[in-house]
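Since we're looking at a predicted model, the values are computed, not measured.
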Amino acid sequence: TVNIIGSGSVAKSPNQATYTYGQVVTLTATPIFGWRFDHWTGAITGTTNPSSLTMYGNRVVNAYFYQNINIINLTVGWNLVSLPLEQSSTAIGTVLSSISGSYNSVMYFSTTDTVDPWKSYRPGGTTNDLTAIDHKMAVWIRATVACTLTVYGNRPASTSITLYAGWNFVGYPTQDTTRLVSTAFAGTGYDIVEGYQAASPYIKVLVAGDKVLPGNGYWVHVPATTVWTINW
């Protein structure tokens with residue numbers, strides 16, 4: 001018997017109603033989008049997936065799945081943020097549904113649009129040219145009240161972001177890992193990294209020993225086009 005705690009499924013191999021004494025059964029846990037397999041209890045313990053057990057009688061296994069969630073606290077005014085998780089839908093209204101009614105403007109800088117790089121979204125607006133947000137992007141959100149942006153989604157195993165010569169407006173797509181600027185951007189050839197500060201002009205030049213934080217957005221300047229890979 002396999003009990004599911006959370007949202008996911010467990011496949012048995014071989015998949016039979018009954019087993020012979022001494023037969024080995026392999027269990028493979030698969031989470032649904034936005035969830036992760038965490039651990040087993042019962043006849044199997046630990047986090048190894050897939051995992052096997054030998055049948056010496058009736059066995060009960062519990063599979064635990066946890067939802068991936070990230071909390072980003074927004075203050076009144078402009079906030080520079082990013083999504084540390086991949087979204088099932090990148091539609092801006094869906095991504096920001098947890099703060100609906102608590103913000104009035106979202107801004108994004110598109111490095112590849114040399115004619116009109118600033119894209120914007122205003123709830124109820126008719127001229128919005130920013131319609132989607134993904135985990136590679138940084139965005140400015142202007143909150144009208146202090147609120148909490150709740151982000152659900154998949155933990156990216158690896159993300160590659162093209163950094164074009166000049167300024168790039170990028171996210172930091174990892175949920176748990178805080179790194180120093182010098183470590184996080186190692187190999188990109190960056191010469192300037194800017195992050196968020198609470199007071200106007202809301203931008204702070206970061207030095208090598210400053211930290212890069214999940215949920216924050218960053219301006220990164222590189223002298224030549226390169227690829228930044230985040231796989232931690």
Side-chain angles (χ1 to χ4, degrees), residues 34 69-154 156 159-175 184-185 188 190 192-206 212-222 225-228 230:
I69 182 172
N70 200 89
I71 301 298
I72 303 173
N73 294 316
L74 306 181
T75 59
V76 175
W78 288 106
N79 300 262
L80 178 54
V81 306
S82 66
L83 310 176
L85 300 171
E86 292 179 291
Q87 306 296 292
S88 59
S89 169
T90 59
I92 194 167
T94 302
V95 172
L96 302 181
S97 60
S98 63
I99 58 170
S100 179
S102 299
Y103 70 98
N104 59 15
S105 184
V106 183
M107 300 287 292
Y108 170 67
F109 183 86
S110 174
T111 306
T112 57
D113 189 340
T114 57
V115 176
D116 181 26
W118 279 106
K119 309 302 178 183
S120 65
Y121 172 81
R122 293 175 176 81
T126 58
T127 59
N128 294 326
D129 54 4
L130 176 62
T131 59
I133 303 174
D134 67 27
H135 61 298
K136 297 182 179 182
M137 302 163 58
V139 292
W140 285 106
I141 300 177
R142 187 166 65 188
T144 54
V145 296
C147 55
T148 299
L149 174 60
T150 305
V151 181
Y152 300 96
N154 273 355
T159 303
S160 295
I161 300 176
T162 299
L163 301 178
Y164 297 94
W167 285 103
N168 298 265
F169 203 36
V170 297
Y172 181 55
T174 180
Q175 188 175 21
F185 294 100
T188 64
Y190 78 93
I192 307 173
V193 176
E194 295 181 344
Y196 173 76
Q197 67 178 15
S200 180
Y202 305 107
I203 283 292
K204 175 186 178 183
V205 177
L206 303 180
V212 181
L213 305 173
N216 286 11
Y218 295 93
W219 289 99
V220 181
H221 187 275
V222 292
T225 298
T226 186
V227 175
W228 179 36
I230 306 94

Problem - side chain to side chain contact (heavy atoms under 4.5 Å, CB included) between Val151 and Ile69, worked out - result: CA-CA 6 Å; Val151 181; Ile69 182 172; over 6 Å; no
Practice task
Would you give the length of the straight line joining atom CD1 of Ile203 to atom CH2 of Trp219, rounded to the nearest 0.5 angstrom?
Solution key: 7.0 Å
Exercise for the section: Kindly give the heavy-atom pair with the smallest separation between Pro173 and Pro156, and that separation in Å. Expected result: O-CG, 3.4 Å
Problem - Any side-chain heavy-atom pair of Ser105 and Trp78 under 4.5 Å - result: yes
Problem - Chi angles and distances behind the side chain to side chain contact (heavy atoms under 4.5 Å, CB included) call for Ser120, Asp129 - result: CA-CA 6 Å; Ser120 65; Asp129 54 4; 3.8 Å; yes
Exercise for the section: Walk me through it: do Gln175 and Leu85 pass the test side chain to side chain contact (heavy atoms under 4.5 Å, CB included)? Expected result: CA-CA 7 Å; Gln175 188 175 21; Leu85 300 171; 3.8 Å; yes
Practice task
Could you label the plane-to-plane angle of the Tyr196 and Tyr202 rings as parallel, tilted or perpendicular, counting under 30° as parallel and over 60° as perpendicular?
Solution key: parallel
Completion exercise
Output for pair (Leu149 CG, Ile99 CD1), nearest 0.5 Å, gives 5.0 Å
Problem - Note, Lys136 side chain near Val170 side chain (heavy atom, < 4.5 Å) - result: no
Practice task
For residues Tyr164 and Thr112, determine if any side-chain heavy atom of one lies less than 4.5 Å from a side-chain heavy atom of the other.
Solution key: yes
Practice task
Check whether more than 12 heavy atoms from other residues, nucleotides or ligands sit under 6.0 Å from atom NZ of Lys119, and answer yes or no.
Solution key: yes
Handout entry: Side-chain heavy atoms of Ser82 within contact of Val139, under 4.5 Å
Key = no
Exercise for the section: Kindly indicate whether the side chain of Leu80, heavy atoms from C-beta on, has any atom under 4.5 Å from the side chain of Phe169. Expected result: yes
Practice task
Evaluate the ring planes of Tyr172 and Trp228, with Trp represented by its six-membered ring, and classify them as parallel (under 30°), tilted (30 to 60°) or perpendicular (over 60°).
Solution key: parallel
Practice task
Taking all heavy atoms of Asn79 and all of Leu74, pick out the closest pair and write down the distance.
Solution key: OD1-CA, 3.5 Å
Exercise for the section: Could you grab the distance from atom CG of Leu96 to atom SG of Cys147, nearest 0.5 Å is fine? Expected result: 9.5 Å
Handout entry: Spatial distance of atom CD1 (Ile92) from atom CD (Gln87) [nearest 0.5 Å]
Key = 11.5 Å
Handout entry: Minimum side-chain heavy-atom gap Thr90-Ile133 below 4.5 Å
Key = no
Problem - Distance in Å, Leu206 CG paired with Asn216 CG, rounded so as to fall on 0.5 Å steps - result: 9.5 Å
Exercise for the section: Quick one: pull up CG in Asn73 and OG1 in Thr150 and give me the separation to the nearest 0.5 Å. Expected result: 9.0 Å
Problem - Shortest non-hydrogen contact from Asn128 toward Arg122 - result: OD1-N, 2.8 Å
Handout entry: Residues Trp118, Leu130; criterion side chain to side chain contact (heavy atoms under 4.5 Å, CB included); working and verdict
Key = CA-CA 9 Å; Trp118 279 106; Leu130 176 62; over 6 Å; no
